[in-house]
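A short write-up of the structure that comes next.
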Amino acid sequence: MLTADPEIMIVVEAFWDDEASVWVATSDSVPGLVTEAETLEVLIPKLRVMIPELLAANQLFAECAHGVIGFEIYSSRI
């Protein structure tokens, strides 16, 4: 549970890859973010770890910052 309003809100796009039977998530705001999972429920915890790590690695948000990073997932399955 978040204790504060996010200082940064990241938009993540997830689409269903029918051939691989996984959700694939990317974000234009997070360089290097590409991950997959069999369900959205499994994808979310992965994103909670990966987004701050990649933002810090790309020097877009300090790991030691006290702010909260939030994200919204927009998913599509055709």
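This chain uses plain numbering: 1 for the first residue, then up along the sequence. All of these numbers come straight from a predicted model, not from anything done at the bench.
- Taken from CD in Glu13 to OG in Ser29, the straight-line distance is 9.5 Å, to the nearest 0.5 Å.
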Asp28 vs Val11, side chain to side chain contact (heavy atoms under 4.5 Å, CB included): CA-CA, chis, key distance, verdict: CA-CA 8 Å; Asp28 291 337; Val11 174; over 6 Å; no

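- No donor-acceptor pair closer than 3.5 Å links the side chain of Lys46 to the backbone N or O of Thr35.
- Two residues are said to be in side-chain contact when any heavy atoms from C-beta on lie closer than 4.5 Å; Leu60 and Val30 fail this criterion.
- The side-chain heavy atoms of Met50 and Leu33, taken from C-beta on, include a pair separated by under 4.5 Å.
- A donor-acceptor pair under 3.5 Å is absent between the side-chain atoms of Ser75 and the main chain of Phe15, judged by distance alone.
- To the nearest 0.5 Å, atoms CD1 (Ile69) and CG (Leu47) are separated by 12.0 Å.
- The main-chain N or O of Pro31 is found under 3.5 Å from a side-chain atom of Asn58 such that the two form a donor-acceptor pair.
- At a threshold of 4.5 Å between non-hydrogen side-chain atoms, the residues Asp17 and Trp23 do not count as touching.
- Note on Leu54 and Ile8: same hydrophobic cluster, where clusters join Ile, Leu, Val, Met, Phe, Trp and Tyr whose side-chain heavy atoms are under 4.5 Å apart, directly or indirectly.
- Ile44 has its side chain out of reach of Val42: every pair of non-hydrogen atoms, C-beta onward, lies at least 4.5 Å apart.
- Here the CD1-CG distance, from Ile10 to Leu55, works out to 5.0 Å after rounding to the nearest 0.5 Å.
- For the pair Val12/Ile51, a side-chain contact is recorded, criterion being any heavy-atom separation below 4.5 Å from C-beta on.
- Within the 4.5 Å cutoff, side-chain heavy atoms of Ser21 are placed close to those of Trp16.
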